[in-house]
Amino acid sequence: HGEGRGGTADRRWYDPIMGPLWPAAVNKTLPEATMAEQLFQITNTVALLAWLPLLMLPGKRFITDTLCRRLVPAGLACCYVAVIGWKLAAGGPPPGDVMTIAGLRQAFSDDLVFAAAWTHYLVFDMVVGTVIAREAVAAGIPWPLRTLSLLLTFLSGPFGYLLHLSLRLRWPVTAAA
């Protein structure tokens, strides 16, 4: 009964004075925009929760080898692959040449593609962070400098990586390490 004309389902989406509450164009784009925002929030939260132990306990093998090098990046990578696969199956992102800035800008104008691209950064920054953590501990780089490298890698990957490389000039890993 509730699904037909005038039933419960119809009344949710129809106001007698204003008419349809969800025009077809809004109904089509709102869920995808919501999914993009949810993907962005969830992946950022997961990455942050994994980065905290990496920052605090970079010498623990479970954290550097399993949690932050394999488990969390693999989970985030699965999200990335699922979104990109879904977008390609649904006709792909907005057409454009992704080998040009204009084409990339057009592709990233799709919120889900943009959220997936951000997830791509989260995955690789975390993997680089595990390399930094392991090398910094092995080289004996002091905690404040090691933590600064990791924090900068989390916030802006290349800055943290370059700081780590410059610190390695002062604290090279010895053969015994």
Side-chain angles (χ1 to χ4, degrees), residues 22-56 58 63-136 139 141 144-171:
W22 297 103
V26 173
N27 195 22
K28 183 177 179 184
T29 59
L30 183 62
E32 192 170 301
T34 301
M35 286 181 0
E37 185 62 37
Q38 288 174 341
L39 175 67
F40 185 79
Q41 295 300 325
I42 290 168
T43 56
N44 276 318
T45 301
V46 168
L48 175 63
L49 291 175
W51 270 93
L52 290 174
L54 186 61
L55 285 165
M56 293 185 290
I63 292 168
T64 58
D65 286 354
T66 304
L67 180 70
C68 294
R69 186 170 152 221
R70 290 188 176 95
L71 293 178
V72 173
L76 293 173
C78 286
C79 291
Y80 170 83
V81 168
V83 169
I84 296 301
W86 178 66
K87 290 302 290 183
L88 289 173
D97 180 2
V98 295
M99 298 305 287
T100 66
I101 290 175
L104 281 175
R105 187 178 296 118
Q106 187 174 4
F108 290 161
S109 69
D110 181 307
D111 285 347
L112 267 173
V113 171
F114 184 82
W118 181 250
T119 303
H120 177 277
Y121 283 109
L122 294 174
V123 169
F124 283 100
D125 285 353
M126 184 171 294
V127 172
V128 170
T130 64
V131 171
I132 291 171
R134 291 177 67 191
E135 287 184 2
I141 295 174
L145 296 173
R146 177 176 65 217
T147 302
L148 180 60
S149 292
L150 288 168
L151 187 59
L152 286 173
T153 301
F154 172 63
L155 296 173
S156 182
F159 284 117
Y161 184 64
L162 287 174
L163 175 59
H164 171 70
L165 290 178
S166 67
L167 293 171
R168 288 289 309 279
L169 295 173
R170 167 64 179 87
W171 286 279

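For clarity, every value in this text was computed on a predicted model and none was experimentally measured.
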If the condition is salt bridge (Lys or Arg N to Asp or Glu O under 4.0 Å), which residues does R70 pass it with, not counting sequence neighbours?
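Checked R70 against salt bridge (Lys or Arg N to Asp or Glu O under 4.0 Å); zero matches.
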
Which atoms form the tightest heavy-atom contact between [X] and [Y], and what is the distance?
X	Y	result
T64	A133	CG2-CB, 3.9 Å
L76	A47	CD1-CB, 4.4 Å
P58	L150	CB-CD1, 4.3 Å
P73	C68	CG-O, 3.1 Å
I132	S149	CG2-CB, 4.1 Å
V72	A50	CG2-CB, 3.8 Å

Quick check for you: to the nearest 0.5 Å, what is the distance between [X] atom [atom1] and [Y] atom [atom2]?
X	Y	atom1	atom2	answer
L54	R134	CG	CZ	11.5 Å
L151	R146	CG	CZ	13.5 Å
I84	C79	CD1	SG	11.5 Å
Q38	L112	CD	CG	10.0 Å
Y80	Y121	OH	OH	10.5 Å
M126	T153	CE	OG1	11.5 Å

Check: [Y] main-chain N/O paired with [X] side-chain donor or acceptor under 3.5 Å:
X	Y	answer
S156	F159	no
T43	F40	yes
T130	V127	yes

Please walk me through it: do L55 and F154 pass side chain to side chain contact (heavy atoms under 4.5 Å, CB included)?
CA-CA 10 Å; L55 285 165; F154 172 63; 5.8 Å; no

Under 6.0 Å from the CD1 atom of I101, do we count more than 12 heavy atoms belonging to anything else shown?
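No.
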
Flag if over 12 foreign heavy atoms under 6.0 Å of CH2, W118
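For W118, atom CH2 is not crowded (no more than 12 foreign heavy atoms under 6.0 Å).
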
I would like to know whether R168 and I141 meet side chain to side chain contact (heavy atoms under 4.5 Å, CB included); could you show each step before the answer?
CA-CA 8 Å; R168 288 289 309 279; I141 295 174; 4.1 Å; yes

Among side-chain atoms of D125 and W51, is any donor-acceptor pair under 3.5 angstrom?
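Judged by distance alone, the side chains do not pair up.
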
Kindly determine whether L39 and M35 satisfy side chain to side chain contact (heavy atoms under 4.5 Å, CB included), including the steps that lead there.
CA-CA 6 Å; L39 175 67; M35 286 181 0; over 6 Å; no

